[in-house]
Protein chains: 2
Amino acid sequence: MSGTLPPADMLCFALYSASHAMNRVYRPLLEPLGLTYPQYLVMAALWDEDEKTVKTLGSLVDLDSGTLTPLVKRLEASGLVQRDRNPQDEREVIVSLTDKGRAMQADATHIPQCILEATTLSADAAGELRDRIFRLRTALEAAG
Amino acid sequence: MSGTLPPADMLCFALYSASHAMNRVYRPLLEPLGLTYPQYLVMAALWDEDEKTVKTLGSLVDLDSGTLTPLVKRLEASGLVQRDRNPQDEREVIVSLTDKGRAMQADATHIPQCILEATTLSADAAGELRDRIFRLRTALEAAG
DNA sequence: CACAATTTAATTGTGTGCTATTTAATGATC
DNA sequence: GATCATTAAATAGCACACAATTAAATTGTG
């Protein structure tokens, strides 16, 4: 018992490969918007609630400043967000949507349905699987 | 119905963040071996069965030559694998373990158990979740 | 046999991810 | 109120990922 396994037997590889497969389904949906998948996550977080610090965004999309800073700068270069120092605390950068960034939400409303259809799951089954995977994530984070 | 969602409600983000969390659990386990997670997948595939072409490795670990070629070259530079053209078909590169690469398997046998414990799941529950996620992957790949 | 089509790796360029370090601003302690 | 510790972003360097292209070898068809 308990020796090395081929990737096809690993839970980690199931996550890894399913995450890649998900990315590949997103890619053609996001290409017309000019967004990558992590950029889409950031936009979705801002559509949910505008004006967030880089740190808050990082906790919502599971990325640190090393990844987020250049990513948000690319969104800024595309004219979708703006970055401003918080006058109350100059250490913080507040990322907020521009009019163009807000307007893009309307062009993205079809995406969740497209993804759900690609999974071939019912909405309930997808929600249940999502929660199970989030619980796995919580356990893994607690272990680290 | 069917508008944009915050990341916390997305199945895709559950996969994405759980995959990152998994990577973070692996990192300290692999650091003593000097391997990254994708490199570990390649080594695991070769421990299961030695001597595979880049293409075969790619299908087993879900990566293409653009990622695999430099990754395998780094494993070669570490002395863990060797790369040889197949004399029967000079287009193919056969990746095989060196003695050092084979010997490393013994230093990795504890890892699956560590990962299972980090999930806080029983072996059965982990296997069931793994299969469910693999089925999701299959559906997503069929949609693409 | 010739030669077009296919297949396999390698290469190039962009965009993540992450660690470690640096810089600047804030807060705590004396 | 000067100094130290903490915090938030930014930066630098390495290693994936992936699309698109290139180059070489093989196969298929006439």
[X] versus [Y], closest heavy-atom pair with distance:
{"X": "P38(A)", "Y": "L71(A)", "answer": "CB-CD1, 3.7 Å"}
{"X": "Q39(B)", "Y": "G34(B)", "answer": "OE1-O, 3.8 Å"}
{"X": "A118(B)", "Y": "A143(A)", "answer": "CB-CB, 3.6 Å"}
{"X": "I133(A)", "Y": "A18(B)", "answer": "CG2-CB, 3.6 Å"}

Margin query: Run V81(B) and M43(B) through side chain to side chain contact (heavy atoms under 4.5 Å, CB included) and show every step you take.
Written below: CA-CA 9 Å; V81(B) 305; M43(B) 293 300 289; 4.0 Å; yes
How many Å lie between [atom1] on [X] and [atom2] on [N], as a whole number?
{"X": "M22(B)", "N": "dG17(C)", "atom1": "CE", "atom2": "C1'", "result": "17 Å"}
{"X": "E90(A)", "N": "dT23(C)", "atom1": "CD", "atom2": "P", "result": "19 Å"}
{"X": "L68(B)", "N": "dA9(C)", "atom1": "CG", "atom2": "P", "result": "9 Å"}
{"X": "Q88(A)", "N": "dA25(C)", "atom1": "CD", "atom2": "C1'", "result": "14 Å"}

Checklist line | With D131(A) via side-chain hydrogen bond (donor to acceptor under 3.5 Å, both in side chains) - residues at least two apart | finding: none
According to a strict under-4.0 Å criterion, is [X] in side-chain N/O contact with OP1 or OP2 of [N]?
{"X": "Y16(B)", "N": "dG17(C)", "result": "yes"}
{"X": "R85(B)", "N": "dA9(C)", "result": "no"}
{"X": "Q39(A)", "N": "dT16(C)", "result": "yes"}

Notebook entry, point to check: Taking the side chain as C-beta and beyond, is there a heavy-atom pair between L75(B) and L35(B) under 4.5 Å?
Noted result: yes
Next item on the list: Please examine the side chains of L63(A) and L57(A), heavy atoms only from C-beta on, and report whether any two atoms are closer than 4.5 Å.
Entry: no
Atom pairs, protein N/O to nucleotides 18-22 of chain C N/O, distance under 3.5 Å:
{"from": "dC18(C)", "atom 1": "OP1", "to": "R24(B)", "atom 2": "NH2", "distance (Å)": "3.3"}

Check: Could you give the angle between the helix axes at the two ends of the helix from dC1(C)-dG30(D) to dC30(C)-dG1(D), with five pairs per end, rounded to 10 degrees?
Finding: 10°
Notebook entry, point to check: Does D99(B) have any salt bridge (Lys or Arg N to Asp or Glu O under 4.0 Å) partners at least two apart in sequence or in another chain, and if so, which?
Noted result: R102(B)
Next item on the list: Kindly say whether L80(B) contributes a backbone atom to a donor-acceptor pair with the side chain of S78(B) at under 3.5 angstrom?
Entry: no
Item checked: For Y26(B), all residues meeting ring pair (Phe, Tyr, Trp, His ring centres under 6.0 Å), sequence neighbours excluded -> Y37(B), Y40(B)
Next item on the list: Could you tell me from which nucleotide to which nucleotide of DNA chain D, 5' to 3', there is an atom under 4.0 Å from chain B heavy atoms?
Entry: dA15(D) to dT26(D)
Margin query: Please compare Y37(A) and K73(B) by the position of their nearest nucleotide in DNA chain C and report the one closer to 5'.
Written below: K73(B)
Check: Relative to the 5' end of DNA chain D, which residue comes earlier, T56(A) or N86(B), by the nucleotide with the nearest heavy atom?
Finding: T56(A)
